[in-house]
2 protein chains.
Amino acid sequence: MAAEPNLGLLCFYPYRALEGRIFAALAAAGFDDLTVAQGRVAARIGEHGTRLTELAEQAQVTKQTAGFLVDQLERAGYVRRVPDPTDGRARLVCFTERGLAVVAVARRVEAEVEAEWTAHLGEESTRALREALTRLREVTDPWR
Amino acid sequence: MAAEPNLGLLCFYPYRALEGRIFAALAAAGFDDLTVAQGRVAARIGEHGTRLTELAEQAQVTKQTAGFLVDQLERAGYVRRVPDPTDGRARLVCFTERGLAVVAVARRVEAEVEAEWTAHLGEESTRALREALTRLREVTDPWR
DNA sequence: TGACGATCGTCAGGCTCTCTGACGAAAATG
DNA sequence: CATTTTCGTCAGAGAGCCTGACGATCGTCA
């Protein structure tokens, strides 16, 4: 519903471009069974594992949906669920070796793309962009 | 697949926030039968109507998906299809009165949100943000 | 003018994603 | 302990999106 680009829509293009680049690279690296929905949940998994409920909240989907996607990731060997030592009800979703390999590829592409963007915008402008977006996150991201 | 926020992910938060605000406002205004997928297609409709194929390309979905969503929008009275006077094969998807009312609400919310963001970031930083994002679009948006 | 490939849009079928609702198990509360 | 909250799952349904195939129309070139 927009003809003239507003700030929100302008934000959308880089995000979509990065996501596209990451999934293209993953497919090229042989990880061609990953879907975008799975990736958005997997992207929230922390170093020491993350609870399903937390993944659902951060990805803004229901627990059921997050559980469904984690099931798929688990079946494909990217993550596993381990009991949470601090809470008998909960389990922590952790990356497997294969999952960490995916993360490594994604990180590499992120760095590549950022380098390209920096080359296009210039160092100073990129720094300002990152700073503005980081501050904007304070009022647009309910999670941290 | 990211722990430390990269530029692409940082772009995602404002976009998601704006989209959420717009749909909340639309629902509050009585337009509660619109879905996000419909909105993403409708957002690409130009002043004088736009072809289905073009909507599909810009929203990055298949023609079939775009046609399915336009069917829904048409049934709900938001758009209509008129013959393209310059091409007998094509039809132009145009907003109806009801559709234009939705656009008006969306525009108002966009302005509100941008004002809030400007208040948070400051005039100068916002201007720099918009300029950087606009230039970034040159390398991240295949469409214009 | 007529034949050919390209483009516009649709139909059919199936898979993925996401939701609402309800539920047992374990933890926190008091 | 009894109650309430939180964690995760099961079941069912619907929306979204895709691939493949198709008829109709356009543009081009012989």
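Treat the numbers as computed from the prediction; the structure is a model and nothing was measured. To find a chain, count down the sequence lines: A is the first, B the second, and so on, and within it residues start at 1.
In this entry the distance linking CZ of R91(B) with P of dA24(D) reads 15 Å, nearest Å. For the pair F68(B) CZ and dC8(C) P, the interatomic distance rounds to 22 Å; values are reported in whole Å. Protein atom CG of L52(B) is 16 Å distant from nucleotide atom C1' of dT25(D), rounded to whole Å. Spacing between atom CG of D33(B) and atom P of dA15(D) amounts to 12 Å, rounded to whole angstrom units. Counting to the nearest Å, the P atom of dA24(D) and the CG atom of D84(B) are 19 Å from each other. What separates CZ of R75(A) from C1' of dC15(C) is a distance of 13 Å, to the nearest Å. In this structure, Q60(B) places its CD atom 10 Å from P of dC18(D), rounding to the nearest Å. Here dG9(C) presents its P atom at 8 Å from CG of L92(B), a figure rounded to the nearest Å.
Taking the charged nitrogens against the carboxylate oxygens, E74(A) and R81(A) do have a contact shorter than 4.0 Å, which makes a salt bridge. Electrostatic pairing of E57(B) and R51(B) does not count as a salt bridge here, judged by no charged N lying under 4.0 Å from a carboxylate O. Remark: R127(A) engages E124(A) in a salt bridge, criterion side-chain N to carboxylate O under 4.0 Å.
Toward the 5' end of DNA chain C, the nearer of the two residues A37(A) and R89(B), judged by each one's closest nucleotide, is R89(B). With DNA chain C read from its 5' end, the first of the two nearest nucleotides for D87(B) and D87(A) is the one closest to D87(B).
Within 4.0 Å (heavy atoms only), Q72(B) reaches sugar-phosphate atoms of the nucleic acid but no base atom.
In the interface, the side chain of Q64(B) is not paired with the base of dG13(C) through any donor and acceptor atom under 3.5 Å apart.
Annotation: side chain of Y15(A) is not in contact with side chain of L7(B) (no heavy-atom distance under 4.5 Å).
The side chain of K63(B) lies closest to dG9(C), out of dG9(C), dC17(D), dG8(D).
The closest donor-acceptor contact from the side chain of R91(B) to the backbone of D84(B) lies at 3.5 Å or more, if one exists at all.
Taking side-chain N and O atoms only, R51(A) has a distance below 4.0 Å to OP1 or OP2 of dC7(D). The phosphate of dG8(D) (OP1 or OP2) has a side-chain N or O of T53(A) nearer than 4.0 angstrom. Between R40(A) and the phosphate of dT18(C), there is no side-chain N or O to OP1/OP2 separation shorter than 4.0 Å. Contact annotation: T62(B) side-chain N/O to dC18(D) OP1/OP2 distance is under 4.0 Å. Contact annotation: T35(B) side-chain N/O to dA15(D) OP1/OP2 distance is not under 4.0 Å.
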